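First comes the structure, then the notes that go with it.
Only a predicted model underlies this, so the values are computations on that prediction, with no experimental measurement involved.
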Amino acid sequence: MTSFMTTTGLSPPSHQDVLDSSARLIDKQLQDDRNCLELSDQLKVPVHNQPSHSGLNEFDYPSFPDAGVALDCLTEVSNVKRVPLPAELVEQFGRMQCNCMMGLFPDISRAWLTIDSDIFVWKYEDGTDIAYFDGLNETILSVALVRPKQGIFQPHIQYLLCLATPVDIVLLGVTFTRPFDGSSSSGGGDMHLLPEYLFSIPTDNTFIMNIIGTDNGRIFMAGKDGCLYEIVYQADDGWFSRKCRKINHSTSTLSFLVPSFLNFSFSEDDPLVQLCIDKSRNILYARTEKGTIQVFDLGQDGKSIGKVTSVPLATIVHNASHVARTIERSNFKPIVHISAITQSESSNIHLVAVTKTGVRLYFTTNPFGSNKGRPSMLTLVHVRLPPGFSATSRVQKPQNVHMAYYKKGSLLLVSSQTEDSDLLWTMSPDSFPFQSQLMEAQTTTGIDGKTWALCEESSDNLTSGAGKADPPAIVTQHSDLPRKFVLLSAQGSHILTKLRPVDQLRLLLIEYQGPDAEEVKGFFRLHKIEQACATCLILACSRIAADQQVSNWATMAFFMYGGDAQYNLNPGMGDRGLMASNIGPGLHPSQTSTPAPGMGPGGMHYHHQFNPTQNITHDIVFSGKHNGICLYLSRILRSVWDSNVVSDFPCQTQQGIVNLMNCNLSNVILTEILENVRGLSDFMDFNSRFDTGPADTGVMPAMAFSPRYMMSHGDDQIKKKLQAEAQKMEKISLQHVQDLIHQVEEVLGLLKVLCDHPFHHVAAALSKDQQNQLRTMTLKQLVVTGKEMCTSLITSLINIYLNDNASIDLVNARLREVCPTLYSSDDATCSKVKVFVEVNVLVKVKVFGQENLFQFHSPLNIENDSIQTLVLFIPFFGVTTISLSPRTSEHRLVLHSSMESKRHPHYILLHNHEHRSVIGSDHQLLSKMECYNCITDTLGYLMSASVSHPQAPSIPKGPGPPPTPDPSILNATDAEKYKSDVFTLALRSKDELFHVALYDWLCNGNMTEKLLEVQSPFLESYLKRKAGYQGEAVQALDMLWKYYEKLRNFPAAAKILSKLAERHGNDVRLQQRIEYLSRAIMCAKSSTTHISSAADGEFLHELEEKMEVARLQLQVQKALSKLSSSRMECQEALNRLDSDLLDLTILYEDFADKFDLSECKLAIVHCAGLYDVVLVESLWKDIIDKEILSTGTMDGNARVKNLDLKLTAVGKLYIKTERYFPSAFLIKYLEQRSCEMGLNTEWVFELMLETGLAPSRVFEIYDRLFKSRDPFWLSVQKPLRLLEVLCKLLCHLVANPALIPMYDRRTFTTVCLDSVASYLVELQAMRSTESHIRLINQFKRLQSELERL
């Protein structure tokens, strides 16, 4: 390729220049992402005493179709699932006498229910893990899950459950079977409530309305008397304080002199009903029943408390009506919810209150700009009206809001529709990032049942650091999981997901099957092109196999709508103007980057001076593809790009406290970032469309680039050359970015390899200057200018391995794989050294009173000049010589046992060994087993030494040369050779007892495959004897059939397998039994005998019948497992299905019929060959009714799809046997149910055609059904329903003539024409309506089309 810089006479840039320029692009994108406006700026609040209002402008809640964006179907939330209340809890409602409440514990993914004095806690995700506490005598009034104070309780108590009754307040310990880290994904195992109180204090006649806890363990309570209380507890009683006490923070310090009943009598009747805490500022807010908002300062460290101010509702309403003068005062009251706004979301606005009509009231506790000051006031700064208040709005206003939730800009409102249903409003600014004013998209979702609780599920998403503002969701969507919200009602939990922009794009691509739809174009119009391209890259770079089709569509959208680079002849324009979205007030981009219709431009400029003598500078506006790649890369690296790579941490050693260097990037973060970078790298490497311009377009005269020349000479050829040069410059820039991506990939891969080792050991091996330099380096510096530092880190790692005499082959290969540029093949070759040294060790063996010497590689570390002596007492089994020298090719192991066998018959010892008993020969057996253990231990050592693996590196104990390599370590190659020779020679022994010991050793070491390779006459008898031992039978029989199969004794193997399949007990699961039967059938069919007896054929037939019944048993088991697993009878039935192979009668009566498993009953009836018309039709009716019932909450299209998938799968099993697939009954019943549910007229016959029913048969059934004059259609007021279906059916067949075979087409066409003629006669005889006329016209068109067919 001829570089553009070469054509203009400039030298190509160096690799360092390439990295520098690409890094500047990343820095620019990061800076743009940081430039999002503060919330107070978006709400147009300049100072705290100049409040404003919004919601009346049409751009506050933009309507996508009105703005020219075809996204009227774009939603903010998506239904995940609905989980009903556990059946055990539904029963508890019948026992309620006084009160019941429900709520959520999102920190541990649980929901709770109180029935009078009992509390139940369960997982709202699946309704499992029910825990309860019934140790109270009074009705529970308030519940909260709080964190315990550090150092008070045992570590296994991870949370405290605070329960308030009219009489007392108790604290219970909450534990988990596994540590709970606070994320829903970790699970934490099963939850347990400790039965004994940790603390209990009286309420002093104060009803507690609400309880909340802080992260440092403080517990605050809202009293019905309008006071704020705190529970203070400690490990031991103090001089002037008890272990646990209740403090009133709303009264003076002398209030204890006044009796509590007097305080209660004189207090104002305005209970506190809600508490919320701003954890980022340590401020507590309280809301009373009448709408007063109180502010309490918890101190800078969160350990103190003081009341700041209290603002009554009348003042709030007065101030709000003064700000929004045209709005009725009734919209500003009552207040139903308050939420703290954290410092990361806004530094100026601190609280939001939501009214019954959905109005948001924003408050501050400090004058703007004094972020570090403590709260001193509560001032209204903004009034935000909900959707429906603008003059052009077609959206209904929220009414009767009784519950709300606000966090990170997203607002959820729950408004009452009827007594049994709610409407959920979702408002979020995520679709409008980087705007100058607050713009929100809104969605409504129907909720079945009355909502009792609403919360957001705790997530593992990383939050911004202290003092850093939360970026828009579009910036972090590649790494953050979708936000999940849970609504709890008496019917169960309703879980919804807040869709990120990438989720919305994914749904659009799936719904419209590709990027060609107007809705996908609308997504690019809604967001900036570069933002949409960056979002496309998240999907396009996905490595998940299930997302491959979506990935391909996203790639197509990236190239279709990403535009091309071009020259900007107005270089004075700012970047932000070019990058703006075309949705919003005053946002009108003046130029587009490529002719993508209706799109906004890319926006990043490249300044190039073509002729240094003529000071004429022109801007190249890069395309959305280029900018999207830079933007996506910057967001991947956003959290680490400008962060220091290492930091010091103190460590206590024998020499005192030492500062060790540790990597700031954890393995989890490195893995996540590296996966995203590699995905982007693969995307750029794979797609060749970046080469958008010709390689060499020649040099143009400088005057041709003059704007004046372009204005006066509109030559198309010059414009084409300008466009080609712009595209070439973009191509060069993309190549530079690709080089940076590869460099980032290698540096991150190197850091991950270093973190897999003790990083402080590697860093300690650097020089002092290098260590000081590394401490100051950010990841950006390490990537761009840190090649020498990377080389030094690699050298330190290799040196540690070499100093420890460990193999470097694996680390060499790993480094070459992850960073081939930083660690080349020449570097790997230079690093390889010989680390194995052979050594001979003399070992004495005492045999029959004589000492024999042999050479052996000791598995132990042997000191200099030391000799280990191995003394074996072998009174009957002679081991005369063992030679395992690496310097000789002879490896002899001679076993003599003939003489000793005569004196001690081995069958006696074998009997004693097999029966685990010793009868008069205990010393012979024990001494023999010692010999065998010596041989098996030697084999075990050789086997371990033959596996080559690098040794763990270590730090030298002191200065000086490296330690001498350990000569006692056996070479892996030699060990493999010795192991093979010793094993071969050992198998030549004629001692059966030795073979038993050897086989036992192989079994205990899970080396059954090695055992089956043994060719010995003793193996079969050993396995047969082992099969008789309790607890070892299954393993022995499993090996025995494999042994017979290896010997091609297939009949014996088949019988063993059949025995295993029919074995009683739970040691063999049903799935394994089916596998055994399958293998038994294969073995029975593989018999090599030419003449098979009748018994063999009968045995094979019996196996095949058992297999068919076993598959039915597995079907029953799977169906049964989908029922409530908490039912005891279900669990017992599942255990019984696993313990035996059952016959058809038992399967039907005890399982399928008992638990009403209709599909299983139909399968059993079909297998048994039983034909009962009424029974078969009844079973099909049950199958259809159950599927209809299960899809009751879905919309029409989803319901049809689910019914189609289910019935097609079942129907294809029986389509070939009309007796078990009553097509006429099925069509009639499905059409009747479809008519009742208001489903479309095509899906039933399409289902039958897809199942495999012949078109002629389908038409015949529908024709007979119409001519039968069934009164059902008149009763449902659908007399033309069947004619409409027949018309649709014939249209479908005419449009798809291939469905009808050629040989049958003429006959079928004749029958259809005759039937259509009769239908026309019927229609013309009826009363003429619009529906009749439409059907008559359709049938007439069908006549002509059928005649042409």
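Inter-residue side-chain proximity for Ser551 and Leu539 is flagged as unmet; no heavy-atom pair is nearer than 4.5 Å. In this structure the side chain of Tyr1262 reaches within 4.5 angstrom of the side chain of Glu1231, judged on heavy atoms. Taking 4.5 Å as the limit, every side-chain heavy atom of Val1173 sits out of range of all side-chain heavy atoms of Pro1222. Ser421 places none of its side-chain heavy atoms less than 4.5 Å from the side chain of Ile447. No side-chain heavy atom of Tyr132 sits under 4.5 Å from any side-chain heavy atom of Ile115. Between Met102 and Leu85 there is a side-chain heavy-atom pair separated by less than 4.5 Å. At least one side-chain heavy atom of Arg1136 sits under 4.5 Å from a side-chain heavy atom of Phe1151. Residues Leu423 and Val414 form no side-chain contact, since every pair of their non-hydrogen atoms from C-beta on lies 4.5 Å or further apart.
Taken to the nearest 0.5 Å, the CD1 atom of Ile1183 stands 12.0 Å off from the CD1 atom of Ile1188. The SG atom of Cys1235 lies 8.5 Å from the CG atom of Leu1282; values are rounded to the nearest 0.5 Å. Note: Leu1147 CG to Cys1160 SG = 9.0 Å, rounded to the nearest 0.5 Å. From Leu1112, atom CG reaches atom NE2 of His1166 across 10.0 Å, with rounding to the nearest 0.5 Å. Here the CG atom belonging to Leu412 is positioned 8.5 Å from the OH atom belonging to Tyr405, to the nearest 0.5 angstrom. Here the straight-line distance linking atom CD1 of Ile108 with atom CG of Asp129 works out to 9.0 Å at 0.5 Å rounding.
A salt bridge is absent between Glu456 and Lys498: the closest approach of a Lys/Arg side-chain nitrogen to an acidic carboxylate oxygen does not fall below 4.0 angstrom. Taking the charged nitrogens against the carboxylate oxygens, Glu1246 and Lys1288 have no contact shorter than 4.0 Å, which rules out a salt bridge. With salt bridges taken as basic N to acidic carboxylate O contacts below 4.0 Å, none links Glu1284 and Arg1281. Between Arg500 and Asp480 there is no salt bridge, since no side-chain N of the basic residue sits under 4.0 Å from a carboxylate O of the acidic one.
Surrounding NZ of Lys1278 are at most 12 heavy atoms belonging to other residues, nucleotides or ligands under 6.0 Å away. Counted within 6.0 Å of CD on Gln396, heavy atoms from surrounding residues, nucleotides or ligands total 12 or fewer; the atom is thus considered open.
Residue Val395 comes nearest to Pro387 through the heavy atom pair CG1-CB, 4.3 Å, listed as atom of the first residue, atom of the second, then distance. Residue Gln1113 comes nearest to Leu1142 through the heavy atom pair OE1-N, 2.9 Å, listed as atom of the first residue, atom of the second, then distance. Nearest heavy-atom pair, Cys536 versus Ala554, reported as atom, atom and distance to 0.1 Å: O-CB, 3.6 Å. Closest approach of Ala557 and Val520 over heavy atoms only: CB-CG1, 4.5 Å. Nearest heavy atom pair, residue Cys1130 against residue Leu1120, reads O-CD2, 4.2 Å. Among all heavy-atom pairs drawn from Gly358 and Leu413, the shortest one is CA-CD1, 3.8 Å.
Judged by distance alone, the side chain of Asn1296 and the main-chain N or O of Ala1298 form no donor-acceptor pair under 3.5 Å. The backbone N or O of Leu499 lies less than 3.5 Å from no partner atom in the side chain of Glu76, so there is not a single donor-acceptor pair. Side chain of Thr451 to main chain of Ala453: no donor-acceptor pair is present (N/O by atom type, distance under 3.5 Å, no hydrogens or angles). A donor-acceptor pair under 3.5 Å links the side-chain atoms of Thr1217 to the main chain of Tyr1214, judged by distance alone. Proximity of a side-chain donor or acceptor of Thr114 to a complementary backbone N or O of Met101 within less than 3.5 Å is detected. No donor-acceptor pair closer than 3.5 Å links the side chain of Thr1251 to the backbone N or O of Leu1253. Judged by distance alone, with hydrogens and angles left aside, the side-chain atoms of Asp1172 form a donor-acceptor pair with the main-chain N or O of Val1174 at under 3.5 Å. Side chain of Ser493 to main chain of Tyr124: a donor-acceptor pair is present (N/O by atom type, distance under 3.5 Å, no hydrogens or angles). The main-chain N or O of Leu1274 is never found under 3.5 Å from a side-chain atom of Gln1277 such that the two would form a donor-acceptor pair.
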(Q) Does Lys407 form a side-chain contact (heavy atoms from CB on, under 4.5 Å) with Arg483? I'd like the steps, not just the answer. (A) CA-CA 11 Å; Lys407 190 175 182 181; Arg483 297 170 66 184; 3.7 Å; yes
* To do: Mind running salt bridge (Lys or Arg N to Asp or Glu O under 4.0 Å) on Arg1233 and Glu1187 for me, showing each step along the way?
  => CA-CA 12 Å; Arg1233 293 307 306 272; Glu1187 191 61 21; over 6 Å; no
Lys1228/Phe1272 under side-chain contact (heavy atoms from CB on, under 4.5 Å): CA gap, chis, key distance, verdict
CA-CA 11 Å; Lys1228 178 180 179 181; Phe1272 169 83; over 6 Å; no
The test is side-chain contact (heavy atoms from CB on, under 4.5 Å); show your working for Glu457 and Phe485 and say whether it passes.
CA-CA 6 Å; Glu457 188 176 89; Phe485 298 97; over 6 Å; no
- request: Determine, stepwise, if the pair Asp1204 / Asn1202 fulfils side-chain contact (heavy atoms from CB on, under 4.5 Å).
  value: CA-CA 5 Å; Asp1204 182 81; Asn1202 279 271; over 6 Å; no
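Using modelled atom types and a 3.5 Å distance limit, the side chains of Thr1191 and Lys1206 yield no donor-acceptor pair. Between the side chains of Thr128 and Asp126, at least one donor-acceptor pair of N or O atoms lies under 3.5 Å. When only modelled atom types and interatomic distance are considered, Glu1177 and Tyr1229 share no side-chain donor-acceptor pair under 3.5 Å. Side-chain polar atoms of Lys1186 and Ser1158 form a donor-acceptor pair below 3.5 angstrom. Remark: the Asp422 side chain and the Gln417 side chain contain no N/O donor-acceptor pair separated by less than 3.5 Å. Between the side chains of Asp430 and Ser428, at least one donor N or O lies within less than 3.5 Å of an accepting N or O. Side-chain atoms of His494 and Asp448 include no donor-acceptor pair closer than 3.5 Å. Donor-acceptor pairing under 3.5 Å is lacking for the side chains of Glu125 and Ser109. Between Thr535 and Gln477, the side chains place a donor N or O and an acceptor N or O closer than 3.5 Å (distance only, hydrogens not considered).
Here the rule is side chain to side chain contact (heavy atoms under 4.5 Å, CB included) with Leu488, and of Val83, Leu113, Leu104 only Leu104 fits it.
Trp1180 and Phe1221 have their aromatic ring centers within a separation under 6.0 angstrom. With ring centers used as reference points, Phe1259 lies 6.0 Å or more from Phe1245.
Cation-pi geometry between Arg1219 and Tyr1171 is met: the NZ or CZ atom falls under 6.0 Å from the ring centre, inside 45° of the normal.
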